[in-house]
Amino acid sequence: MVGAKEEVELNRLENQVDNGGSGVWEYLCLVSKLKIRRSDKVLKHGLSILNDPKKRSKLGPEEWTLYEQVAVAAMDCQCLDVAKDCIKALQKKFPESRRVGKLEGMLLEAKGLWEDAEKVYSSLLEDSPLDQVIHKRKISMAKAQGNISVAIEGLNKYLEIFMADHDAWRELAEIYVSLQLYKQAAFCYEELILCQPTVPLYHLAYADVLYTLGGSENLQIAKKYYAATIDLTGGKNTRALYGICLCTLALGQQTKGRNKEEKESSELHSLAATALEKDYKYRASDKLSLLTATLRNLKLQS
């Protein structure tokens with residue numbers, strides 16, 4: 001995730017180079033370091049260096065890093081001839097490189113030559129079966145073709161080997177949610193919370209899945225994870241506050257007559273409702289009356 005200071009510096013450099021100022025190489029390096037996609041900018045400014053022999057020669061060995069960066073940007077922008085030229089330059093310099101081989105596969109993907117790309121990736125995996133990037137490319141290729149079952153199978157096999165890859169767990173969870181396979185998605189979010197217990201997004205997503213599954217036990221657990229999200233975000237997550245309210249309503253319908261549970265739920269939803277009102281007063285005062293009416297309809301306000 002890009003930090004506030006890094007984003008400010010990135011925007012400053014981008015504005016500077018877009019207006020013909022210096023710092024093009026510094027800008028391209030920062031884009032690469034932060035692992036963000038500004039493909040149109042990278043293509044434009046990267047080519048301005050590669051097409052100028054004097055500027056290119058000043059880069060030294062970093063020239064080849066720029067060729068790779070521009071090749072990927074060109075594929076994103078569907079400038080496939082530019083990507084092909086960059087890859088050719090890299091092939092000439094590094095004829096047996098697996099890294100260049102990945103770019104060849106990506107170019108075939110960009111052209112829609114799925115079978116040829118599959119052959120390239122399979123060949124690369126024979127030499128390096130633990131190459132995470134190539135495994136992920138195959139999974140992405142399956143998704144691009146709409147073969148979701150193949151993508152799920154690929155992700156599950158991948159996670160058997162690379163169990164600590166939280167990005168893969170999250171992707172698998174999102175696929176399961178899109179297919180309404182909520183129990184499987186819940187398992188993925190449990191793994192994510194174990195790997196990164198301080199990331200509020202995972203607590204929130206897990207709570208959403210449990211709320212969707214329903215049932216008294218799931219709702220009680222969902223409420224706890226909504227509360228954890230609120231705690232991790234300093235009380236500023238509106239979705240989690242709503243989640244507390246909705247869980248309380250659903251549980252109230254299932255636990256009538258159980259005084260202790262009703263009392264605990266009443267205290268929690270009152271705190272959530274108060275926090276929502278405070279948030280709306282500060283950020284969207286014109287919608288405060290709508291919120292109040294909504295909470296009253298949910299029997300969460302008097």
Chemist: Dump the intermediate steps for salt bridge (charged side-chain N to carboxylate O under 4.0 Å, His left out) on Glu115 and Lys119, then the final yes or no.
Modeler: CA-CA 6 Å; Glu115 291 184 8; Lys119 289 177 183 177; 5.5 Å; no

Chemist: Listed by chain and number, what are the side chain to side chain donor-acceptor pair (under 3.5 Å) partners of Gln132, not counting sequence neighbours?
Modeler: Tyr158

Chemist: Please give me the minimum heavy-atom distance between Val120 and Gly101, naming the atom from each residue.
Modeler: CG1-O, 3.6 Å

Chemist: Quick one: salt bridge (charged side-chain N to carboxylate O under 4.0 Å, His left out) partners of Lys224, sequence neighbours excluded?
Modeler: none

Chemist: Should Tyr121 and Glu126 be marked as a side-chain contact (heavy atoms from CB on, under 4.5 Å) after you check the CA-CA gap, both sets of side-chain angles, and the distance that decides it?
Modeler: CA-CA 9 Å; Tyr121 292 141; Glu126 286 179 7; over 6 Å; no

Chemist: Please check this pair: side chain of Trp169 against backbone of Met163, looking for a donor-acceptor N/O pair closer than 3.5 Å.
Modeler: yes

Chemist: For the atom pair CG (Asn218) and OH (Tyr182), what is the distance rounded to the nearest 0.5 Å?
Modeler: 13.0 Å

Chemist: Considering non-hydrogen atoms only, spot the tightest contact between Val70 and Gly46 and give its length.
Modeler: CG2-CA, 3.7 Å

Chemist: Under the side-chain hydrogen bond (donor to acceptor under 3.5 Å, both in side chains) criterion, do Asn15 and Asn11 qualify, and how do the steps go?
Modeler: CA-CA 6 Å; Asn15 183 61; Asn11 290 333; over 6 Å; no

Chemist: Hey, are the side chains of Asp18 and Lys41 touching, using non-hydrogen atoms and a 4.5 Å cut-off?
Modeler: yes

Chemist: Can you name the nearest heavy-atom pair linking Ala250 to Leu219, along with the distance?
Modeler: CB-CD1, 3.6 Å

Chemist: How far does CZ of Arg137 sit from NZ of Lys102, to the nearest 0.5 angstrom?
Modeler: 11.0 Å

Chemist: Give the intermediate values and the outcome of salt bridge (charged side-chain N to carboxylate O under 4.0 Å, His left out) for residues Asp116 and Lys111.
Modeler: CA-CA 10 Å; Asp116 292 338; Lys111 292 178 177 179; over 6 Å; no

Chemist: For Leu107 and Ala83, which heavy atoms make the closest approach, and how far apart are they?
Modeler: CD1-CB, 4.1 Å

Chemist: Looking at Tyr206 versus Tyr225, is the centre-to-centre ring distance below 6.0 Å?
Modeler: yes

Chemist: Verify the cluster assignment for Ile134 and Ile161: are they in a single hydrophobic cluster under the rule of side-chain heavy atoms below 4.5 Å apart?
Modeler: no

Chemist: Which is it for Arg56 and Tyr67 under the side-chain contact (heavy atoms from CB on, under 4.5 Å) test, yes or no, and what are the steps along the way?
Modeler: CA-CA 10 Å; Arg56 193 171 69 240; Tyr67 267 113; 3.8 Å; yes

Chemist: Mind checking whether Cys79 and Leu43 have side chains closer than 4.5 Å, heavy atoms only?
Modeler: yes

Chemist: Measuring from Leu295:CG to Leu249:CG, what's the distance to the nearest 0.5 Å?
Modeler: 11.0 Å

Chemist: Do Asp231 and His203 have a side chain donor and acceptor closer than 3.5 Å?
Modeler: no

Chemist: Has the side chain of Thr229 got a donor or acceptor atom that lies under 3.5 Å from a matching backbone atom of Leu204?
Modeler: yes

Chemist: Please check if the side chain of Ser57 supplies one atom and the backbone of Lys54 the other of a donor-acceptor pair under 3.5 Å.
Modeler: yes

Chemist: Do you know which two heavy atoms are closest between Ala273 and Cys245, and how far apart they sit?
Modeler: N-SG, 4.3 Å

Chemist: Report yes if the side chains of Lys143 and Ile175 come closer than 4.5 Å at any heavy-atom pair, otherwise no.
Modeler: yes

Chemist: Is the shortest side-chain heavy-atom distance between Glu217 and Leu210 below 4.5 Å?
Modeler: no

Chemist: Does a sphere of radius 6.0 Å around NZ in Lys136 hold more than 12 heavy atoms from other residues, nucleotides or ligands, not counting ones at 6.0 Å or beyond?
Modeler: yes

Chemist: Considering residues at least two apart in sequence or located in another chain, which fulfil the side chain to side chain donor-acceptor pair (under 3.5 Å) criterion with Asp76?
Modeler: Arg37, Ser39

Chemist: Output all residues satisfying side chain to side chain donor-acceptor pair (under 3.5 Å) with Glu14, sequence neighbours left out; order by chain, then residue number.
Modeler: Tyr27, Arg38

Chemist: Using the ring-ring contact (aromatic ring centres under 6.0 Å, His included) criterion, which residues pair with Tyr211? Sequence neighbours excluded.
Modeler: none

Chemist: Within the side chain of Ser48, is there an N or O that forms a donor-acceptor pair under 3.5 Å with the backbone of His45?
Modeler: yes

Chemist: If I take atom CZ from residue Phe162 and atom CG from residue Asp167, how far apart are they, to the nearest 0.5 angstrom?
Modeler: 13.5 Å

Chemist: Let me confirm one number: the CZ-CG distance from Arg239 to Leu201, rounded to the nearest 0.5 Å.
Modeler: 10.0 Å

Chemist: Can you tell whether the side chains of Glu153 and Lys157 come within less than 4.0 Å, N to carboxylate O?
Modeler: yes

Chemist: Given side-chain hydrogen bond (donor to acceptor under 3.5 Å, both in side chains), test Tyr226 with Asp208 step by step and report yes or no.
Modeler: CA-CA 8 Å; Tyr226 280 129; Asp208 283 345; 2.6 Å; yes

Chemist: Under the side chain to side chain donor-acceptor pair (under 3.5 Å) test, which residues partner Arg12, sequence neighbours left out?
Modeler: Glu9, Gln16

Chemist: Kindly indicate whether the side chain of Thr238, heavy atoms from C-beta on, has any atom under 4.5 Å from the side chain of Tyr280.
Modeler: yes

Chemist: Heavy atoms only: give me the nearest Ile244-Lys223 pair and the separation to one decimal.
Modeler: CD1-O, 3.4 Å

Chemist: Would you say that Leu192 contacts Val199 through its side chain, given a criterion of any heavy-atom pair below 4.5 Å between the two side chains?
Modeler: no

Chemist: Go through the steps for Thr212 and Gln180 under the test side-chain contact (heavy atoms from CB on, under 4.5 Å), then give the verdict.
Modeler: CA-CA 10 Å; Thr212 304; Gln180 299 182 14; over 6 Å; no

Chemist: Could you tell me whether the side chain of Leu66 reaches within less than 4.5 Å of the side chain of Glu63, counting heavy atoms only?
Modeler: no

Chemist: Should the pair Arg98-Asp131 be classified as a salt bridge under the 4.0 Å nitrogen-to-oxygen rule?
Modeler: yes

Chemist: Measure the spacing between OG1 of Thr65 and CG of Leu28 and express it to the nearest 0.5 Å.
Modeler: 11.5 Å

Chemist: Quick one: do His166 and Glu191 satisfy side-chain contact (heavy atoms from CB on, under 4.5 Å)? Show the steps, please.
Modeler: CA-CA 8 Å; His166 55 269; Glu191 291 291 331; over 6 Å; no

Chemist: How about Asp81: does its CG atom have over 12 heavy atoms from other parts shown lying under 6.0 Å from it?
Modeler: no

